[in-house]
Amino acid sequence: AVQLVESGGGLVQPGKSLKLSCSASGFTFSSYGMHWIRQAPGKGLDWVAYISSSSGTVYADAVKERFTISRDNAKNTLYLQLNSLKSEDTAIYYCAREDYRGWFAYWGQGTLVTVSS
Amino acid sequence: DIVLTQSPALAVSLGQRATISCKTNQNVDYYGNSYMHWYQQKPGQQPKLLIYLASNLASGIPARFSGRGSGTDFTLTIDPVEADDTATYYCQQSRNLPFTFGSGTKLEIK
C-alpha cells in the first residue's frame with residue numbers, strides 16, 4: 001500500500017531553519033511528482049512547492065528564496081528545507097503524491113512546524 | 001495564479017442533498033478535461049480525495065458523492081448526506097502551477 005510519512009517538524013525560533021522529510025513506500029517513488037502542502041492552524045490548505053520526477057521545482061511566492069524542495073530517489077524520500085522561518089510559516093506540512101493530471105490521492109499524516117520565540 | 005472561491009459554510013438536514021460550489025477566475029479546462037478536484041477533510045486528519053477531473057469518483061468513495069462542472073464553475077454534491085459527512089470540503093485546480101485550493105466549505109449536518 002502507498003504510504004507517505006513526514007517527519008522533522010517541531011518548535012523553531014523565527015529566522016532559524018528546519019528540514020522536513022517525507023518517506024515514501026508502496027510505489028515507484030522516482031516516477032512521481034511530489035508536493036508539499038501546508039495548513040496553518042484553523043485555516044485552509046496552502047500549496048507550498050513541487051518537484052517533478054526529473055527534479056524540476058516550482059514554489060509558492062510566499063516561500064520562494066526561503067524554502068527548497070528536493071528528493072533522494074535512492075532513499076525514496078522527499079525533503080523540504082525551510083530557512084529564514086517566519087511566524088506565518090507555522091502550519092502542519094503535508095507531503096502528497098501527484099497523480100497523472102494533478103490530483104492528490106495520497107497524503108501523509110503531516111508534521112507540525114511551529115515558529116515562535 | 002488561479003483563484004478558487006468557495007462559500008465558507010453550509011448546513012443541510014440529514015438525508016437531504018448538499019451542493020457545494022467552487023468558482024475559478026480562469027478556465028481550468030484543457031483538451032477535454034476539467035482540472036478540478038475535490039477533497040474532504042475532517043478535524044485532525046489529512047485531506048481525502050473524493051472527486052478528480054471534475055466528475056470522476058475516487059477509489060473507495062461512495063456514490064453519494066458526485067461532481068460536475070466545467071470551465072469556471074464546479075459543484076460537489078452529496079446526496080443523501082449522512083452524519084459522517086460533517087467535514088470541510090476543498091476544491092483544487094491543477095490546470096496551472098502553482099496548484100491552488102479553495103478556502104474550504106464547512107458542512108454542518110442538521
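Values below: every heavy atom of this structure, side chains too, minus hydrogens, waters and symmetry copies. Chain identifiers are assigned alphabetically (A, B, ...) following the order of the sequence lines, protein sequences preceding nucleic acid strands; residue numbering begins at 1 within each chain.
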Novice: Around atom CZ of R64(B), are there more than 12 heavy atoms from other residues, nucleotides or ligands closer than 6.0 Å?
Specialist: yes
Novice: Linking I/L/V/M/F/W/Y whenever their side-chain heavy atoms sit closer than 4.5 Å, directly or via other members, would W47(A) and Y94(A) fall into one cluster?
Specialist: yes
Novice: Do you know the tightest heavy-atom contact between W107(A) and P47(B)?
Specialist: CD1-O, 3.5 Å
Novice: Side chains of Q92(B) and L45(A), heavy atoms from C-beta outward: is any pair under 4.5 Å?
Specialist: no
Novice: In terms of heavy-atom pairs under 4.5 Å with chain B, which of Q109(A), K43(A), H35(A) leads?
Specialist: H35(A)
Novice: Which atoms of I37(A) are under 4.5 Å from chain B, going by heavy atoms: the side chain, the backbone, both sets, or neither?
Specialist: side chain
Novice: Count I, L, V, M, F, W, Y as connected when their side-chain heavy atoms are under 4.5 Å apart, and connections chain through other members. Are W36(A) and I92(A) then in the same cluster?
Specialist: no
Novice: Same cluster for L80(A) and V113(A) if Ile/Leu/Val/Met/Phe/Trp/Tyr side chains link at under 4.5 Å?
Specialist: yes
Novice: Grab the two heavy atoms, one from Y39(B) and one from F104(A), that are nearest each other, plus how far apart they are.
Specialist: OH-N, 2.8 Å
Novice: Sort Q41(B) into side chain, backbone, both or neither according to what part of it lies under 4.5 angstrom from a heavy atom of chain A.
Specialist: side chain
Novice: Mind checking the CG-CG spacing from D61(A) to D1(B)? Nearest 0.5 Å is all I need.
Specialist: 6.0 Å
Novice: Name the region of A105(A), side chain, backbone, both or neither, that has any atom closer than 4.5 Å to a heavy atom of chain B.
Specialist: both
Novice: With rounding to the nearest 0.5 angstrom, report the OH to CG distance, Y50(A) to L97(B).
Specialist: 6.5 Å
Novice: If I take atom OH from residue Y30(B) and atom CZ from residue R101(A), how far apart are they, to the nearest 0.5 angstrom?
Specialist: 9.0 Å
Novice: Show the nearest heavy-atom pair for residues S94(B) and G102(A), with the distance to one decimal.
Specialist: CB-O, 3.4 Å
Novice: For a quick test of reading the model, state the closest non-hydrogen atom pair linking Q46(B) to G108(A) and the distance between them.
Specialist: CB-O, 3.3 Å
Novice: Considering non-hydrogen atoms only, spot the tightest contact between Y90(B) and G44(A) and give its length.
Specialist: OH-CA, 3.4 Å
Novice: Hydrophobic clusters here meaning ILVMFWY residues chained together by side-chain heavy-atom distances under 4.5 Å, can you tell me if L10(B) and L50(B) are in one?
Specialist: yes
Novice: Around E65(A), counting heavy atoms of other residues, nucleotides and ligands shown, do more than 12 lie under 6.0 Å from its CD?
Specialist: no
Novice: At a heavy-atom separation under 4.5 Å, does Y35(B) approach chain A through its side chain, its backbone, both, or neither?
Specialist: side chain
Novice: Any link between L4(B) and L53(B) through a network of hydrophobic side chains (Ile, Leu, Val, Met, Phe, Trp, Tyr) touching at under 4.5 Å?
Specialist: no
